[in-house]
There are 2 protein chains.
Amino acid sequence: MKLHNFFRSGTSHRLRIALHLKGLAPDYVAVDLRTEQHLGDAFKALNPQALVPALELDDGAVLIQSPAIIEWLEETHPEPPLLPREPLARARVRALAAVIGCDVHPINNRRILEALRHDFGADEARINAWCARWISAGFDAIEALLNADTTRGAYCFGDAPTLADVYLIPQVESARRFKVDLSRWPAIAAVEAACARLDAFERAQPSRQPDAG
Amino acid sequence: MKLHNFFRSGTSHRLRIALHLKGLAPDYVAVDLRTEQHLGDAFKALNPQALVPALELDDGAVLIQSPAIIEWLEETHPEPPLLPREPLARARVRALAAVIGCDVHPINNRRILEALRHDFGADEARINAWCARWISAGFDAIEALLNADTTRGAYCFGDAPTLADVYLIPQVESARRFKVDLSRWPAIAAVEAACARLDAFERAQPSRQPDAG
């Protein structure tokens, strides 16, 4: 397998965590977003949407969209599970993931911020405020959902990492980059500390990737 | 079951389609986004994220986030299936859904457009241009993916509606509202025509809901 991705992309980061949790280590293919390599013909032949990540299988099939790839991973490599067994519990974990995957990350994506700079003349202070606004709204919701779950252990759900942690941790990393004060979300901070002790999360970190810089 | 939703919300619309395809008809509870009913304490007690839709089960459990609710529906009401059986095929359908669910809809969401108006002084022409930009990027990708699938029938995947159609159709409706010229995506237009012939899609339409107006 080949993982086409970029060290600092949040969707790449989440997919790397999921792959490491499943014990998979695809070949790392860096797609440099800074030089717009993802907009070139070679990458668009892999993924017409021109976004990272893409997972290329050994038979040449290409999977795109991290939520779809992670569900595929869960179906084809069920151990260790990243979703609980019971449907209502699965819905709770997927909802936490979707708060990040739908309502935080895409709005602070590189292409959106470039559009704000270009179309609306946003400077760095306004970009950071824009990102902080959507991160805060999402983290407020996640903090409330975590605190409402009385059966929760060290992670977002239960006693082992799930899809929810896979989505949350890259967003915490990104929040720090946008200078968001994380002290207002102690439950999220505790989850981050628990995840940081796991090898899969450590190895997936942007700073640990070959294209980091 | 009670469906807390708003007629014109795209995520509400997609969940209504999925419910109708599964033959389910929960009680309709309108949450009026125009009067910010979703920001009130009563709705936030149901969903701390303060976004529609939410599905309240008969035992009082509340499911949030349409992607999580729709996967729950598929797991608890498997017939008719909205995902194919084979993992790679499921990943293709989920990827089409995620192009809309992650990379188009959230960026054109009501709260984002209000922020653009308020923080960046965007007028209606710039709002429509903003929406058209992300809709076009997403529809270009979907059109390419649909055209690359040589085994496809009348819908986004195979010969029956799937998650992909459930996500796509509300976005087509929304594109029309933002005055996007749809003629550049003939494959999407053909899928829309096929879906329009199905009762579930017809009944889920915004204009057919009790709070429409």
Open item on the list: If I measure from the heavy atoms of chain A, does B:A148 come under 4.5 Å with its side chain, its backbone, both, or neither?
Closed with: neither
Task: Flag if over 12 foreign heavy atoms under 6.0 Å of CZ, B:R85 - done: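 Result for CZ/B:R85: open.
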- [ ] Count the heavy atoms of every other residue, nucleotide or ligand shown that sit under 6.0 Å from CG of A:D59, and state whether that count exceeds 12.
- [x] yes
- [ ] Keeping the roles fixed (side chain from A:R126, backbone from B:D119), state whether a donor-acceptor pair exists under 3.5 Å.
- [x] yes
Hey, what do you get for [atom1] ([X]) to [atom2] ([Y]), rounding to the nearest 0.5 Å?
{"X": "B:L145", "Y": "A:N47", "atom1": "CG", "atom2": "CG", "answer": "7.0 Å"}
{"X": "A:I64", "Y": "B:R92", "atom1": "CD1", "atom2": "CZ", "answer": "8.5 Å"}
{"X": "A:L63", "Y": "B:R94", "atom1": "CG", "atom2": "CZ", "answer": "11.5 Å"}
{"X": "A:C102", "Y": "B:I107", "atom1": "SG", "atom2": "CD1", "answer": "10.5 Å"}

Best-contacting candidate, [options], against chain A by heavy atom pairs under 4.5 angstrom:
{"options": "B:K44, B:E75, B:R133", "value": "B:E75"}
{"options": "B:A95, B:A141, B:G121, B:A50", "value": "B:A95"}
{"options": "B:A137, B:P67, B:G138, B:P48", "value": "B:P48"}
{"options": "B:L51, B:L57, B:L88, B:T11", "value": "B:L88"}

Open item on the list: Under 3.5 Å, is there a donor on one side chain and an acceptor on the other for B:Q65 and A:D103?
Closed with: yes
Quick one: which of [options] has the most heavy-atom pairs under 4.5 Å with chain B, could you say?
{"options": "A:A115, A:S66, A:A122", "result": "A:A115"}
{"options": "A:N109, A:D140, A:V93, A:L116", "result": "A:L116"}
{"options": "A:A144, A:P87, A:A61", "result": "A:P87"}

Interchain contact, [X] with chain B, by part (heavy-atom threshold 4.5 Å):
{"X": "A:I70", "answer": "neither"}
{"X": "A:A97", "answer": "neither"}
{"X": "A:I69", "answer": "neither"}

Open item on the list: Any heavy-atom pair between the side chains of B:R90 and A:E71 that's under 4.5 Å?
Closed with: no
